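Worksheet for the structure shown next.
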Amino acid sequence: VCTSRFWFNYRHVANTLSVYRSVKRLGIPDSHIVLMLADDMACNPRNPKPATVFSHKNMELNVYGDDVEVDYRSYEVTVENFLRVLTGRIPPSTPRSKRLLSDDRSNILIYMTGHGGNGFLKFQDSEEITNVELADAFEQMWQKRRYNELLFIIDTCQGASMYERFYSPNIMALASSQVGEDSLSHQPDLGIGVHLMDRYTFYVLEFLEEIHPASQTSMNDLFQVCPKSLCVSTPGHRTDLFQRDPQNVLITDFFGSVRKVEITAETISLDRDIAGFESKLPKDELATEPLKYAEQLPVAQIIHQKPKQKDWHPPGGFILGLWALIIMVFFKTYGIKHMKHIF
Amino acid sequence: ASAQFQLAVPVAVVFAPGSVPGDLPKPLPFRDVREMEIPVNLKTTVTSRYEMVYRSATAQEEAALEAATAQEADAALHPLQDATLGSLTMYVVPETSSLLPQGTSVYVGKHRSALVRAGGSLAALRTRLQQLTQVMSFTASSITAALSDRVPDGQLGPDARRHLKSSLGYEITFSLLNPDPKSHAVDWDIEDAVNRYVRPVLDKLSLVANFSVDSQILYYAVLGVTPRFDKESSSFLLSAHSLPHVINPVEARLGSSAASLYPVLNFLLYVPERSHSPLYIQDKDGAPVSTNAFHSPRWGGIMVYNVEAPASPQASLPLHVDVDMVRVMEVFLSQLRLLFGLSREELPREFLLESPGNEGLADWELDCLLWAHTVENVATVSTTLTSLAQLLDKIGNIVIKDDVASEVYRAVASAQSAMAELAAGHLHSAFQASKEAVTSSERAFFDPSLLHLLYFPDDQKFAIYIPLFLPMAVPILLSLAKIVREARQCKKEPTKMD
């Protein structure tokens, strides 16, 4: 998820796309990735090289290639949509590619980047998501067993505050900086004019370049990435909610996709000459019902709906108290003897 | 959420003449109820009740048991049985009977009955019947696998979470992968094969879920792994540990269906390139696998179909290949059975199982699926509704719409009815009720209006209204204070004046 928009936040989009590429390279298909980007970099009028997003200076690697599938773009990247994707409370008309169809054997990797603060993450300069809301969303996911294990990586300023409030089991979290520290960007590119990557993500990607689908590297190595000398901020991690020892957790458990496979040893035997199943409709009777346009909105119901009779409730305490105050002040000011003139 | 499951299995034990054990406690017919507890976790227990009715065979059943082979006896007995879902009938034949071949003591038919060789004493017969009943309905491990999200982590066996989760529907996709269209022009008559061989199996499974089938052909789709050339057998081999990496590159091109949200089962048929033929899959011991296929739990299966090399090297390419769909469907349907968890491998030696033929699965195997799915459905409903209640407790001012409320009530009513039917042994109605309960509870839980973001907690309300009302309230409060002071003065004044 990239939570920023506007040209000067180029590096956040480049971060997200680079992680997206690594994850695809290690085997996870697009149908299993939900990518949320503001997507305003490649075709931005300020981009000197249109239709590209570079992640390395000297324009070595274009991470915005032909096969980037953005699921939520531009103004669709909101806190509400993000929480809807996580908890699954999505309107029924949402297509499959915009849903998180995970079950209790799925390992989920969540990578978020953008601008953040102590306990919140800013979404597109107009709203925030707090760490409490995020922790509650993960708890809702756990209740419905929508994940087996979850790895949460966040690259923002004061990122560690976002994982402080998690309380659901099987979550491991990594952040690029501690509370009170800022995450810094890596290198500006003079040709494009903005910073291209953030430091933490840059070193994580360098680490991931050496991982291939069959590699046995464990999570402990990922924790060592980007020490303070290189990153200036202190990366943090949280593993107390995780049941396995990080030493035994492979990087490919989250970043790649290695499935359990079994050899098929049994077969059944089929009778070769069984007669074919006759199709139930004889051919000339196929189109009996005239086709009609599917009702998308229950228009008949809506236009004939009478306004709902709302039951009258007596005014609540606050309103009554306010009115009592106002009346008392009025009568004190003008005196009780005027009451007979008013009523 | 705590749940006490009571699963009742009605079993009828019919004694053929000459097979009645000598030590019966009461004269036939009599009823006996056995209960067994399967503990799952602290709050969930499953009690299974086996209601056994012992009786002697009727004249028609005796006549049927005079048949020459077990298959004929089974076919003759089928119309005389109680065919409701979940019930079992066991016929006890004398020890010396020739109906069962030597060495087998139990023959399990393809409906809901079995033939058991009498074992002498009633106790020995009872243990055998107990074992047989568990095989034909549910075992402790199948129930704990169905309730796998309630079992504490350390106790889960490798079988847990391997089988497909209970769902209202499944999508089956058959794909033909042809990486080398220049050499092989592969033709597969999938529509006919689906109608002949797959439809009967899916029709039998239609009680469990809705199935939809589609097929596709992909060209230039390669496996992600390069097979090794083995000089001894002059063939290419794919070793067992490289199999997990085969699926991912292909999956990106499979295109899971955009329309439905049901779990997708992919069955792939791979015709290797001319340069990599013949291709065999090796198992862990290095021996080639007879089916040349492997499957991945909850995903689907892949089979490698080797094409014979052309007789003369000058044969014109591309070679026309007509796929033998029977061989292919045998493997795919057995993979489908394994994906659902219907395996025949772990049974004891003296059990002889009748093959279900083109139907794909025996009636009692369907019952096994239904028991597991019903229990799983009811447990899921219980967890979902409890979690929804906890969410509402936490966010006190969430608004529940009328339709969400009615779905919740419906889910609760259906779940209770499902539990009652399970305790009474009516498997069919229990399963239908559990399906309705799951549909309603999922609809209630995943209703888009329940997003907690839309409801403001109290501290946010204070934060908005205090700056608005506090400045306005200051003169009011000061005036109130003045009023109170003047009233007090007024009270004192009259006394002073006097």
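Convention: sequence-line order gives letters A, B, ...; per-chain numbering from 1. Since this is a predicted model, take the numbers as computed values, not measurements.
- Contacts between B/Leu477 and chain A at a heavy-atom distance below 4.5 Å are absent for every atom of the residue.
- Only the side chain of B/Lys165 comes within contact range of chain A, with heavy atoms under 4.5 Å apart.
- For a residue to count as touching a neighbouring chain, one of its non-hydrogen atoms must lie under 4.5 Å from one of that chain's; by this rule B/Leu338 touches chain A with the side chain only.
- For B/Glu191, no part lies under 4.5 angstrom from a heavy atom of chain A.
- In this structure the side chain of A/Phe255 never reaches within 4.5 angstrom of the side chain of A/Arg25, judged on heavy atoms.
- Only the side chain of B/His245 comes within less than 4.5 Å of a heavy atom in chain A; its backbone stays farther off.
- Considering only heavy atoms from C-beta on, B/Pro448 comes within 4.5 Å of A/Arg84 through its side chain.
- Cation-pi geometry between A/Arg89 and B/Phe445 is met: under 6.0 angstrom from the ring centre, within 45 degrees of the axis.
- For a residue to count as touching a neighbouring chain, one of its non-hydrogen atoms must lie under 4.5 Å from one of that chain's; by this rule B/Arg337 touches chain A with the side chain only.
- Inspection of the A/Tyr167 and A/Asp136 side chains reveals an N or O donor paired with an N or O acceptor under 3.5 Å.
- For the pair A/Met36 and A/Asp71, the minimum side-chain heavy-atom distance is 4.5 Å or more.
- Counting heavy-atom pairs under 4.5 Å between each of B/Ala193, B/Ser479, B/Ala293 and chain A puts B/Ala293 at the top.
- Residues meeting the side chain to side chain donor-acceptor pair (under 3.5 Å) test with A/Thr217, sequence neighbours left out: A/Ser215.
- Under the 6.0 Å cut-off for aromatic ring centres, B/Phe469 and A/Phe318 qualify, their centroids lying closer than that.
- The greatest number of non-hydrogen atom pairs below 4.5 Å with chain B, out of A/Ile263, A/Asp103, A/Ile326, is found for A/Ile263.
- The cationic group of A/Arg145 lies under 6.0 Å from the six-membered ring centre of A/Trp142 and within 45° of the ring axis, placing it in a cation-pi geometry.
- For the set B/Lys284, B/Lys482, B/Met325, B/Glu486, the entry with the most heavy-atom pairs within less than 4.5 Å of chain A is B/Glu486.
- If you measure heavy-atom distances from B/Val331 to chain A, the contacts under 4.5 Å come from both the backbone and the side chain.
- Of the two parts of B/Ile483, the backbone and the side chain both hold a non-hydrogen atom closer than 4.5 Å to a non-hydrogen atom of chain A.
- Contact count versus chain B (heavy atoms, under 4.5 Å) is highest, among A/Ile28, A/Asp30, A/Asp104, for A/Asp104.
- Between chain A and the residues B/Ala487, B/Pro297, B/Ala473, the largest count of heavy-atom pairs under 4.5 Å involves B/Pro297.
- With a 4.5 angstrom heavy-atom cutoff, B/Met303 does not touch chain A via any of its atoms.
- Residues passing the side chain to side chain donor-acceptor pair (under 3.5 Å) test with A/Gln124, sequence neighbours excluded: A/Arg5.
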